[in-house]
Amino acid sequence: MIPISRRKLITGGLVATAGIAGVAAAGPLVRRYGLIPPDCRGAYGAGETLTYGAQRLLTTNATAREFPRSMISKVPFANEIAPPSEGFKKLAAGGFADWKLQVDGMVARPTTFSVSDLKRMPMGSHITEVSCEEGWSYIAEWIGTPLHEVLHEVGVLPQARYIVYRSIEKDWWESVDMADAMHAQTLLTYAMNDGDLPVKFGGPLRLRVPRQLGYKSVKFVVSLTATDSMKGFGKGLGSASPEAGYAWYAGI
Ligand SMILES: Nc1nc2c(c(=O)[nH]1)N[C@H]1C(S)=C(S)[C@@H](COP(=O)(O)O)O[C@H]1N2
Ligand SMILES: [Mo]
């Protein structure tokens with residue numbers, strides 16, 4: 001936790017960087033430390049790079065704020081009820097026993113996990129907030145397998161720089177860098193509050209990335225791919241979000 005306003009600090013840092021060195025001069029530094037986000041491009045890209053770079057330098061090990069149990073929202077707000085596809089309905093009818101999470105790409109042992117496989121692995125949990133870029137938020141307890149446990153199990157290669165994750169709804173896919181992928185609070189979530197993760201909150205499996213805005217916490221996750229480059233994934237900008245005008249990195 002950073003006690004003073006992180007935003008203030010970052011804004012101050014960015015102004016200083018831009019003022020003293022200029023955006024162009026910051027380039028070699030961000031390249032050297034791997035601080036360039038995949039959606040960096042043009043004049044807008046320079047701003048995204050500074051935001052992401054500043055956040056990464058300050059927050060690689062920082063944790064998302066956790067709340068006491070008494071602050072869990074009585075009526076959590078779900079933004080979506082269920083994915084409409086027939087395929088999903090069939091899996092739901094079977095209690096998601098046949099739900100599969102495929103893990104591939106830059107890993108030593110590509111593996112497919114069922115939700116029960118994940119439930120047998122070490123468990124993580126946290127009481128954190130989901131905040132939508134549209135302004136609403138709620139607090140819930142999230143329970144699941146830390147993503148780093150799964151990545152360790154499949155032998156993620158040291159060259160991997162991003163983990164791409166996809167929903168059964170193919171319009172929804174995202175990626176995170178390894179700092180977020182390996183972070184203890186990043187969970188393949190299968191339970192919420194007192195029970196299995198409800199479908200409207202992304203059940204049976206949702207990747208919760210509590211250090212970023214709600215849209216990075218993709219529901220109904222069916223696959224993960226480790227990669228050293230975002231080229232060849234969609235338009236190469238890191239996820240569906242920048243293709244729709246949102247930032248790839250949505251740190252909070
Ligand atoms: N598959 C899928 N994942 C998704 C979405 C979606 O529509 N489909 N919406 C995203 C957005 S924009 C937000 S803010 C959160 C909303 O989470 P909630 O329904 O738990 O409030 O889920 C994210 N994950
Ligand atoms: Mo959102």
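All ligand and atom numbering here is 1-based and tracks the order in the structure. Please read these numbers as outputs of a predicted model, since none were measured by experiment.
In the candidate list R206, K219, K216, R206 is nearest to atom 15 (C) of ligand 1, counting heavy atoms. In this structure, of W172, Y138, W142, F201, the residue bringing a heavy atom nearest to atom 10 (C) of ligand 1 is W172. For atom 11 (C) of ligand 1, the nearest non-hydrogen atom from the set Y246, Y215, W136, W173 belongs to Y215.
Remark: ligand 1 and S167 share an N or O pair separated by less than 3.5 Å (distance only, no angle test). Looking at E169 next to ligand 1, an N or O pair under 3.5 Å apart turns up. For ligand 1, the polar-atom distance check against F77 finds a nitrogen or oxygen pair separated by under 3.5 Å. Between E133 and ligand 1, not a single N/O pair is under 3.5 Å apart.
Counting the atoms of ligand 1 from 1 in the order shown, those under 4.0 Å from a heavy atom of F220 are 1 (N). Taking a cut-off of under 4.0 Å to the non-hydrogen atoms of C132, the atoms of ligand 1 that pass are 14 (S).
Using a cut-off of 4.0 Å between Lys/Arg side-chain N and Asp/Glu carboxylate O, D171 and R166 are scored as not salt-bridged.
F88 and V218 fall within a single hydrophobic cluster, where Ile, Leu, Val, Met, Phe, Trp and Tyr are joined by side-chain heavy atoms under 4.5 Å apart, directly or via other members.
No hydrogens or angles considered: a donor-acceptor pair under 3.5 Å links the side chains of E174 and S241. Between the side chains of Y52 and D177, at least one donor N or O lies within less than 3.5 Å of an accepting N or O.
For residues 91-107, the set of pairs meeting the side chain to side chain donor-acceptor pair (under 3.5 Å) definition, not counting sequence neighbours, comprises Q102-D104, D104-T225.
Only the backbone of S217 comes within contact range of ligand 1, with a heavy atom under 4.0 Å; no side-chain atom does.
Aromatic ring centres of Y138 and F201: separated by under 6.0 Å.
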Please list, one pair per line, the donor and acceptor atoms closer than 3.5 Å that link side chains of residues 123-133 to other protein atoms, with sequence neighbours excluded.
residue, atom, partner, partner atom, Å
H126, ND1, T128, OG1, 3.0
H126, NE2, Q185, O, 2.8
T128, OG1, R208, NH2, 2.9
E129, OE2, S137, OG, 3.1

